[in-house]
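The next block holds one structure in the form of structure tokens; read it before the comments.
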Amino acid sequence: MGDWAALLEGFATAAQPEYLLYALLGVTLGTAVGVLPGIGPAMTVALLLPLTYSLEPAAALIIFAGIYYGGMYGGSTTSILLNTPGESSSIVTALEGNRMARAGRGAAALATAAIGSFVASTIATLLLTALAPTIAEYAVKLGPADYVALMVVAFTTVAALLGASPVRGLASLAVGLFLGLVGTDTLTGQQRFTLGAPTLADGIDVVIVAVGVFAVGEALYVASRMRHGPVEVVPVDGRWMTREFWRRSWKPWLRGTAIGFPIGTVPAGGADVSTFLSYAAEKKLSKHPEEFGRGAIEGVAGPEAANNAAAAGVLVPLLTLGLPTTATAAVIVAAFQSYGIQPGPLLFTQDSALVWALIASLYLGNVMLLVLNLPLVRIWVKVLRIPRPYLYAGILLFAALGTYAVNFVVDDLLLLLVVGLVGFFMRRHGYPVAPLVVGLILGPMAEEQVRRTLQISQGDLTALVTSPFAAVAYGALLVALAAAVVLRLRRRRAAGSEVTPTA
């Protein structure tokens with residue numbers, strides 16, 4: 001009962017008029033930027049992160065939570081009306097939702113996506129409320145070696161299991177770990193990889209890297225592939241949620257939530273896996289399988305619910321263990337750290353009022369998003385018609401201003417350009433960005449925990465793997481990697497058998 005009483009106190013804080021306005025501002029900005037073509041939640045969060053620096057911690061995290069959830073909502077509008085997923089987790093929504101829109105049922109597709117997102121986010125936030133304090137209570141008992149094991153699991157799964165190429169994922173992780181080493185060694189006081197530049201003595205700010213690889217890198221990539229001409233936006237036609245649409249949507253909403261939340265809580269799970277699993281489940285269970293590929297409403301309702309449930313599930317390891325398992329979660333950690341707050345098991349004891357106000361704001365933000373998305377969808381459609389050159393020029397300007405506002409140092413703009421070029425190269429050649437950001441944030445933390453473990457064990461390297469929790473974590477990691485290898489081999493064999501002519 002203590003946790004629910006703390007949640008009520010969080011509602012008392014988040015329901016104050018000032019914080020309600022911050023939450024409304026957050027969800028509006030998140031939706032407005034998230035609805036823009038080609039901009040996913042990670043880029044939305046990174047781009048708007050500097051806006052929160054002038055606010056007090058509670059207000060900043062409340063507006064940031066609204067931006068996070070709003071960015072998730074906005075992506076569905078882009079996928080349905082423009083057939084341009086902002087990220088890979090919206091591919092399924094674009095597949096069925098855009099076909100519904102072209103068939104004159106765009107209003108129904110947007111409605112089932114918005115309502116499904118609301119239902120899934122609310123249920124997933126309830127699960128977050130129930131599970132997070134218990135996990136945090138257990139996590140307090142973990143030692144340095146256990147945290148090293150958790151970070152190794154996060155590193156390996158995010159780098160090796162996401163994307164088409166494990167080698168490219170590991171290369172991206174290596175770049176992130178290297179960037180995390182730049183600066184002054186906290187133990188010896190020696191500068192590392194600074195090239196004598198005073199700006200790099202304090203390390204590379206996570207915000208600069210996040211804005212560089214997401215905003216600048218993506219803008220340069222889009223500019224290199226720019227196609228001239230107006231953007232084709234499918235009009236919002238048809239009726240909203242009829243009785244038939246309600247009957248066909250409510251079960252996929254619940255199934256998508258049940259699939260998305262647990263997958264979102266594990267490293268390398270996230271929304272990508274959950275949306276495809278939800279789509280496969282709905283296609284198998286649907287009474288109208290012939291509509292799939294032609295605009296099945298179940299193919300929008302289930303994956304959108306799974307997408308938003310996974311987004312809430314990602315917050316479980318982030319708040320309780322301090323582990324970001326996605327690129328968006330990594331930027332959220334940067335937001336916490338900018339206020340001197342370290343997500344992890346002590347968060348629920350040292351900053352209890354703050355974290356419960358944050359969780360309460362997620363509930364309130366969900367209601368605001370539902371109210372915003374359904375009546376104002378025609379306004380978001382007009383946002384979609386912004387010409388791409390103007391859109392990405394504005395993104396570059398906003399990224400530069402936000403980066404300069406972090407430290408008010410001109411050298412940060414040069415660093416932003418360099419990181420942006422790295423992000424462009426990675427985007428151009430198929431290197432995933434998430435491992436880089438996760439490595440940058442968790443790298444220094446992992447180094448500290450490794451040193452602490454070796455100090456306690458007096459240099460005994462076996463201490464890193466002999467604790468019960470660490471042994472279980474490494475064993476689970478080996479099983480996951482073996483399963484991933486088997487699945488990849490099966491896919492290659494299946495693909496080979498499809499193209500091999502039969503006698």
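In what follows, residues are counted from 1 in the order of the sequence shown.
One N or O on the side chain of Thr265 and one on the backbone of Pro262 form a donor-acceptor pair closer than 3.5 Å. Tyr68 contributes a side-chain N or O that, together with a main-chain N or O of Ala311, makes up a donor-acceptor pair within less than 3.5 Å. The main-chain N or O of Gly143 is found under 3.5 Å from a side-chain atom of Asp146 such that the two form a donor-acceptor pair. A side-chain donor-acceptor contact under 3.5 Å links Thr349 to the backbone of Leu346. No donor-acceptor pair closer than 3.5 Å links the side chain of Asn308 to the backbone N or O of Ser121. Not a single donor-acceptor pair under 3.5 Å links the side chain of Thr403 to the backbone N or O of Leu413. Not a single donor-acceptor pair under 3.5 Å links the side chain of Ser172 to the backbone N or O of Tyr431.
Across all non-hydrogen atoms, the minimal contact from Phe155 to Leu177 is CZ-CD2, 3.9 Å. Residues Ser278 and Ala306 come closest through the heavy atom pair CB-CB, 3.8 Å. Closest heavy-atom contact between Leu358 and Leu61: CD1-O, 3.4 Å. Here the closest non-hydrogen pair linking Ala58 and Leu354 is CA-CD1, 3.4 Å. Residue Val433 comes nearest to Met426 through the heavy atom pair CA-CE, 4.1 Å, listed as atom of the first residue, atom of the second, then distance. Nearest heavy-atom pair across Pro57 and Ile341 is CB-CD1, 4.4 Å.
Between Arg247 and Glu244, at least one side-chain nitrogen of the basic residue sits less than 4.0 Å from a carboxylate oxygen of the acidic one, meeting the salt-bridge criterion.
The line from OG of Ser117 to OH of Tyr69 is 10.5 Å long, rounded to the nearest 0.5 Å. Here the CZ-OG1 distance, from Phe348 to Thr320, works out to 7.0 Å after rounding to the nearest 0.5 Å. Taking CG of Leu25 as the reference point, atom CG of Leu20 lies at 12.5 Å (rounded to 0.5 Å). Expressed to the nearest 0.5 Å, how far CD of Glu304 lies from OG1 of Thr93 amounts to 3.5 Å. Atom CG of Leu277 and atom CD1 of Ile263 lie 4.5 Å apart (nearest 0.5 Å). Once rounded to the nearest 0.5 Å, the distance linking CZ of Arg99 with CZ of Arg105 reads 12.0 Å.
Using a 4.5 Å heavy-atom cutoff, the side chains of Lys287 and Arg248 are not in contact. For the pair Leu315 and Ile332, the minimum side-chain heavy-atom distance is below 4.5 Å. Under the 4.5 Å side-chain criterion, counting only non-hydrogen atoms from C-beta, Phe214 is in contact with Val437. Inter-residue side-chain proximity for Leu150 and Leu323 is flagged as met; some heavy-atom pair is nearer than 4.5 Å. At a threshold of 4.5 Å between non-hydrogen side-chain atoms, the residues Val419 and Val211 do not count as touching.
Sequence neighbours left out, the pairs with a member in residues 16-34 that pass side-chain hydrogen bond (donor to acceptor under 3.5 Å, both in side chains) are Tyr19-Glu56. Applying the salt bridge (Lys or Arg N to Asp or Glu O under 4.0 Å) definition to pairs two or more places apart or across chains, those involving residues 250-261 are Arg255-Glu282. For residues 359-369, no pair satisfies salt bridge (Lys or Arg N to Asp or Glu O under 4.0 Å), with sequence neighbours left out.
Every residue two or more places apart in sequence or in another chain that forms a ring-ring contact (aromatic ring centres under 6.0 Å, His included) with Phe11 is listed here: Tyr363. Residues that satisfy the ring-ring contact (aromatic ring centres under 6.0 Å, His included) test with Trp250, not counting sequence neighbours, are absent from this structure. Applying the side chain to side chain donor-acceptor pair (under 3.5 Å) test to Ser361 and every residue at least two apart in sequence or in another chain returns nothing. For Tyr404, the ring-ring contact (aromatic ring centres under 6.0 Å, His included) partners are Phe408, not counting sequence neighbours. When the side chain to side chain donor-acceptor pair (under 3.5 Å) test is applied to Glu448, the partners found at least two apart in sequence or on another chain are Arg452. With sequence neighbours left out, Ala60 forms a side chain to side chain contact (heavy atoms under 4.5 Å, CB included) with Thr52, Leu55, Tyr339. Applying the side chain to side chain donor-acceptor pair (under 3.5 Å) test to Asp205 and every residue at least two apart in sequence or in another chain returns nothing. For Tyr147, there are no ring-ring contact (aromatic ring centres under 6.0 Å, His included) partners, not counting sequence neighbours.
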### Task
For the pair Ile135 and Val316, evaluate side-chain contact (heavy atoms from CB on, under 4.5 Å) and give the outcome as yes or no after the intermediate values.
CA-CA 8 Å; Ile135 296 175; Val316 174; 3.6 Å; yes

### Message
Using side-chain contact (heavy atoms from CB on, under 4.5 Å), reason through Glu96 and Ile297 one step at a time and then give a plain yes or no.
### Response
CA-CA 7 Å; Glu96 297 294 339; Ile297 193 169; over 6 Å; no

### Task
Test side-chain contact (heavy atoms from CB on, under 4.5 Å) on Thr129 and Trp356 and set out the steps.
CA-CA 9 Å; Thr129 305; Trp356 285 112; 3.6 Å; yes

### Message
One pair to check against side-chain contact (heavy atoms from CB on, under 4.5 Å): Phe336 and Leu319. What are the steps and the verdict?
### Response
CA-CA 10 Å; Phe336 275 95; Leu319 294 177; 3.9 Å; yes

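By the 30° and 60° cut-offs, the orientation of the rings of Phe292 relative to Tyr279 is perpendicular.
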Mind listing the side-chain donor-acceptor pairs of residues 393-401 below 3.5 Å, one per line with the distance, residues two or more places apart or on another chain?
none

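With hydrogens and angles left out, the side-chain atoms of Ser249 and Thr112 include a donor and acceptor closer than 3.5 Å.
For the ring pair (Phe, Tyr, Trp, His ring centres under 6.0 Å) with Trp253, the lone residue among Trp246, Phe118, Phe245 that qualifies is Trp246.
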